[in-house]
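So the structure is just underneath, and the comments pick up after that.
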Amino acid sequence: MPGPSLHTENLTIRFGGHTAVDNVTCAFRPGELTVIVGPNGAGKTTWFNLVSGQLRPSEGRIFKDGQDITGLAPSARAKAGIGRAFQLTNLFPRLSVLENVRLAVQARQGAGPSIMRRAAALHDVRAEAARHLESARLAAVADYPAAALPHGDQRKLEVAMLVAMQPDIYMFDEPTAGMSVDEAPAILDLIAEIKKDTSKTVLLVEHKMDVVRALADRIVVLHNGELVADGKPDEVMALDIVREIYLGVGADEEAA
Amino acid sequence: QDGPVKIALIHGLSGSPLEAFSKQTTNGFNLGLEYATGGSMEVKGRKIEVIEKDTQFKPDVARSVLAEAYGDDEVLIAVGGTSSGVTTAMLPIAAEYERILLVEPAVADSLTGPDSNRYVFKTSRNSSMDMQAQALALKPDANLSVATLAEDYAFGKDGIAAFKKALEGTGATVVAEEYVPLKTTDYTATIERLFNALKDKEGRKVVLIYVAGSGDPMGALVSADPSRYGIEISTGGHILPVLPTYKRVPGMEGAIYYYYENPKNEINDWLVKEHQDRFGSPPDFFTAGGMAAALAIVKALETAEDWETETLISTMEGMSWETPKGTMMFRPEDHQALQSMYHFKIKVDDNVDWAIPELVREIKPEEMDIPIGRNNQE
Amino acid sequence: MSDQSISDLASAPARPRRIPVGRLAVYAIALAIGLCLAFAPFLFPDVRAQEVAARICVFIVLVASYDLLIGYTGIVSFAHTMFFGLGAYGTSMALKSWGPGWDAIIIGGGAGVVAAFVLAVLIGMLSLRVKAIFFAMVTLAAASVMMVLANQLSDFTGGEDGFTYQVPRLFSPAFKLLTDADGKTLRFFDVAINGKIAAYYFVFVGSFLLFLFMMRIVASPMGTVLQAIRENELRAEAIGYRVVGYRTAIFCISAVIAALAGVLRAVWLKYVGPEVVLSFAIMIDILLMVVIGGMGTLIGAVIGVVLMSLAQFYLKDLMEVAAEATAGVPLLPELLNPDRWLLWLGVLFILLVYFFPAGIAGTLMKKGNH
Amino acid sequence: MNAFSEMLSRLGGVYLLPVAIALLAFVLIGAPSTWVTLTVAGLAMGMMIFLMASGLSLIFGLMDVLNFGHSAFVSFGAFIAASALAALAGWVGGESAVLNVAALILAIAAATAFGAGAGWFFERVIVKPVYKDHLRQILITIGALIVAEQLLLAIWGGAPVAVPRPRVLDGSLIIGDVAIEIYRIFAFLLGLLVYVAMHYALNRTRIGLLIRAGVENREMVEALGFRIDRLFIGVFMAGSALAAMGGAMWAGYQGLITPALGGELMILVFIVVIIGGLGSIEGSLLGAILVGLLSNYVAFLFPKLSLASNMILMMAILLWRPFGLKPAIRG
Amino acid sequence: MSDAILRLDDVHTDIAQYQILHGVSFDVPEGGVHVLLGRNGAGKTTTLRTIMGLWRARKGAIVFRHHDITAMPTPDIARLGIAFVPENMGIFGGLTVEENMRLATTSGQFDKDRLDRVFALFPAMEKFWAKQAFALSGGQKQMLAISRAIIEKREMILIDEPTKGLAPAIIRAMIDAFREIAAETTILLVEQNFLFARSLGRGVTVIDDGRIVHDGDMAALAADEGLQTRLLSLSLEAH
Ligand SMILES: Nc1ncnc2c1ncn2[C@@H]1O[C@H](COP(=O)(O)OP(=O)(O)OP(=O)(O)O)[C@@H](O)[C@H]1O
Ligand SMILES: Nc1ncnc2c1ncn2[C@@H]1O[C@H](COP(=O)(O)OP(=O)(O)OP(=O)(O)O)[C@@H](O)[C@H]1O
Ligand SMILES: [Mg+2]
Ligand SMILES: [Mg+2]
């Protein structure tokens, strides 16, 4: 078994008196898709923010492939291979859909600071961006400003940008929230595709139990910022504590 | 050639509060032409045409409109400008086109200084005149201690330097020089420093104020009651809109460039009357200056044999002529017009809106030792 | 177009590409302006027009470099004239003290440019992290400190009056650039080919090259990153762009270009003073120009500068005519008093921001796109 | 370190800053009478700036509108007050103290009323179309500023205008070596009154809450049933009225005013708002007092630095607290 | 249908140059939960915003009770007793939870009993009562938005996708809560989550591409899988 691609050690963040992430230590391996569940406010998004660098921890450290990245800026972490899609859609609203994705491809290739070439002349970048749009089923709207897309398409674009970064570690924060059942599969297919590549680590925050069950290799449960359970999906879902805090006592899962 | 003779007025007419002063110059200039030509607006049978151009108080604009006046409108002489900076930028254009630029009303000494050129004449006063006259009005002697208050830039520093130079040899001492930043609004701290410097001195103690554009330092000084330390205030005269603030210092003495009741001569009488009739108010600094410029031009045109620039220059060098301020004379060396200043004493009359700088005596040009900026004769 | 919904469009498999009429129009206008400027000395031989043309050239560079900040990256800075001034003062102080030579222009101008660069790095690193409005205030403060310095160090800078100086002989009107058989200045279309022409082409070519350089920047990958930062800083950082680095870089590039524009201005003007290169009034002019032209288009700078300069130099004349024409009507001539031209400029500007927030180029370019 | 800063914040936190500066100045100046004179002058100066700054801060911080045209209200306030005082010359110069003060109050009231009215017009015509768009706000208010300055020139001309000062408020109280301008005492009291009134309105009434909510999400406030447009007009009018009131006070203080007055004060006002933190009246007061005190002390101790002192103060505070001392809006 | 509390008649709405609603007509009967279904971008949010007056109908009429609210200013519509929970939740991040809720009351005073009921429904609200709302988690914000809508008795509540991002336990609690609220108030609910919608809705309207494509009983739709597949491209297998 390969060593962990990502692990956090005693990760903690406090906002005033409130501890949003509390002493979380856990590790993730390539080829594994972990779903992070927990009730609203459990600290899932906050934990993501710590790993991708939007927030600085009060205590604890974060390692990527054994390297300490706790002090790095978000951009440096992205370069190091940690990619992130946001819970609340977070795009470049007035740029075209294609450009949104192209920026992500270009960032990966490190062509950003160049002023010696015309952006439009970087055909490989463009072609790759177009390919990502194709697989996210966004090709038809490639020339639209991102702001003009309906919510569902914006979510897809969010994911397409993450895919375009081709990180080692994918972090999805409720990628299908607010998407209709006929559209969500587009995203789930994409995630399933990524999962096939055994060099990638995938983290997914998700509430929809069907999605969790369909994709998860492992489930981590957060509650009040603490890690309360970690293991195989069936085992974790069977735990009393999980049934109690997450699904509600005596849950009839079909209702979700 | 029977076309009109063209003269350009290059002034700031928009873009700054100073535009009010340009209007005074224009009025004075037109009145001057009228007076000098007896109303015909002709000289040697040719009509005088005045072209007005707006510098917008921007030196680059000023240069282009001046060049346009010389190059495209073919004016014979240009007159201007309002602020020293704009005028500095205009000087080389005169040399480039080899035409005369008559500086009015900008003040700075440097306009006739080393970087100026022989095409430049100047009818307006300069800072040295202001400060030397001011020094004379103080009647300096060994018993006098002065602390000065000026703004921290070229205008203020040059003025104080000229003032100190005028005091040399009189025995008076300058005990402190305070320079405040431009646009200072609160003078409390400076006043404390001035008082601290002066209060323990023996003899006459005077604070000299030489501030052009920042609030009302004199008012602030008066409020702080300098008399409790036996300190007097002295400052130069000012334009009419500012004179109301002088009501707080009755009896103060200083020197002024022009106040309509001070010069006693025919031209000034005519100017005051006509101005009152036409504009409903007495003439001010820049009206008098504008008129002096017009009178100089007409006199030069009348006396010169032809109107080639070189002829005009040699005519004007050393030329003396009558103005609302009495006789003026272009000094041959640097083309600065030497002129009288007026020692005044403030009188407050409740029926007059402003404080009256009542004439004490006229300070003749001979009494002042105005440094020569450059020598055009070399 | 308007009776189609977005989803109709989205489902249409291959949309026929529309001809971007507006974009073409903008390029056509810019090209026409460029040609006019290239032949300005022959097309408009009168003195004022030449001054205006030279000013337009320099300001196109200045405004376009400002557009890199405000339009492309969303950085609001009030320090642009400070950099412009550094270039101009560097050049002119050297020309003044060493006499008119190319060495003075190169070393003095170079020193000004380097100073601008160093200052930009400092300001950028110190304060590009803080909120936009704070950055604007810091630059405003820095610019006013520079203005105060220029006034107070009058021994070097000539204070608020500024100073005049000579430029290399090649650029003086007396220099005969081309001579005919008798050794007299050659005339071409009735225009004397003298040093003035040389000076103009120095300014024109310099500006042209700088402008091309900026066009290259915005078309490069870096240009897209800048726009991304303007749109969503956080996200740009999250996909791997160091936002502070990019901002500082563009701030420096823009400062250096502004300083170079200052060098050109100083060579042309043969006078320098706070009013022509440092004052807040110029900063406002730049802002007006960039907005009138259209932010984030670069080419808009060309249109904005030309319109605004024409207004500054000729609106007054126009109003004079208007005031005379309406002389009989009550009130109107008073309002149309040429000295109140700034009032109308202000009103026009408000209307423009109101109705054409994208500026002229921006609005036109949208025409014919979806 | 932590215990220390906690103790400091219990003692009043950043409010201690002016006290600390005053104490330091006391040591450096040495002469108590000079120190008192400077301190009182600085406080009063701070209060006048506070009037203008609080208006800007209200509009800037609460409505999120960057009003570069604010200085136009200051200038107009000053000139209207000057004209009113000139018209009431009999009262101003008369022997009756009551009439003296009444004239000043009338002049200030006239300026304030004008400010409110002009604020209404300004909000409706200039600012309303550009809510939420900072850049366009800066641009359009700069346009309005140009127009306003031209109007000022057209109405009052460019020459400086002398402002008569009511007789009772003229001169200074001289106590030993300490000189305190009476006008400044008046200014200080007025500023304090305005502060108390604003503090009450914003913190003790629901209006304050509504304004803060409206800045974040106009639509939602409307969807909760409140007429946000009226509310915002009200705020804008209040802010503009304060600017005009500050301008009127300033006219009386300065004695000689030019149309450039508003513009010259503006940088100072912006600095105060930034130091204090956006949208907080407490912050504006604190910033204004800091600026007032510091500029007086520095002008006495190190005259060469006096112009730069405020800028340095602003930069230092921004580096220490990037959102100002007492920001109302976080995040 | 004379018992309709809200009636939309041929409503057309444009956003900028795009025409979004092409003649939407439907009735919301008094009482209970009425569901507006449709896929992403169908125009559900636009419909709600048009009712609230946040976007204006270019054509058509919206009648609430007997008030024509088509051109009424938003605050007046709200004062008729219509509460709105927008898609983006519309939380005032700079205000505390308490202040957010206080603004939603007409008098500025809380009714103790109602407040307790809200706390019982969403305990997080009590816990974070004095916390600034920007610091709440996504789900907590959603709860706050709903709490605001029910803090007083309303005639009608428009809710845009309340279950988005909520954990199953909360959704379950919310179904009960909505049942309770619906006893005194009419709810117009926009949903993607058909299961949630099915367990609450009495009537259902389906919108697609800015047009109404179905209007009827929830029970009937729930029973007819063919219809579901056709209307919503729903495949219940996925759940
Ligand atoms: N910037 C902040 N300041 C203060 N508290 C915060 C901040 N960000 C998050 N919190 C708190 O941290 C806790 C965890 O929030 P987080 O957004 O991580 O939850 P989550 O698990 O993603 O929930 P959800 O499923 O609802 O999105 C919440 O109680 C929230 O109020
Ligand atoms: N500001 C806008 N500018 C342009 N088009 C818009 C805008 N807002 C929405 N639209 C378009 O209007 C259409 C309907 O949007 P609406 O938000 O009403 O859909 P919805 O049914 O609520 O979808 P979702 O389930 O994704 O929230 C979409 O095609 C969307 O692209
Ligand atoms: Mg979350
Ligand atoms: Mg929606």
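Below, chain A is the first sequence line, B the second, and so on; all start at residue 1.
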message: For C:Gly296, is there any backbone N or O sitting under 3.5 Å from a side-chain donor or acceptor partner on C:Asp67?
response: yes
query: Got a second to check how far A:Asp173's CG is from A:Ile36's CD1, nearest 0.5 Å?
result: 8.5 Å
message: As an exercise, state the distance from CD1 of C:Ile229 to CG of C:Leu234, rounded to the nearest 0.5 Å.
response: 12.0 Å
query: Who in residues 90-100 of chain A is close to chain C, using a strict under-4.5 Å heavy-atom cut-off?
result: A:Asn90, A:Leu91, A:Phe92, A:Pro93, A:Arg94, A:Leu95, A:Glu99
field: Contacts of type salt bridge (charged side-chain N to carboxylate O under 4.0 Å, His left out), residue A:Asp197, not counting sequence neighbours
entry: none
task: Classify the angle between the aromatic ring planes of C:Tyr241 and C:Tyr246 as parallel (below 30°), tilted (30 to 60°) or perpendicular (above 60°).
output: perpendicular
query: Run the side-chain contact (heavy atoms from CB on, under 4.5 Å) check on C:Ile250 and C:Leu69 step by step: do they pass?
result: CA-CA 7 Å; C:Ile250 195 64; C:Leu69 292 182; 4.2 Å; yes
field: Pick from C:Ala238, C:Ala236, C:Ala228 with the largest number of heavy-atom pairs that fall under 4.5 Å of chain A
entry: C:Ala228
message: So which residue, A:Arg77, A:Lys79, A:Met161, A:Arg84, ends up with the most heavy-atom pairs under 4.5 Å with chain C?
response: A:Met161
message: Check this for me: does any side-chain nitrogen of one of A:Arg155 and A:Glu158 sit under 4.0 Å from a carboxylate oxygen of the other?
response: no
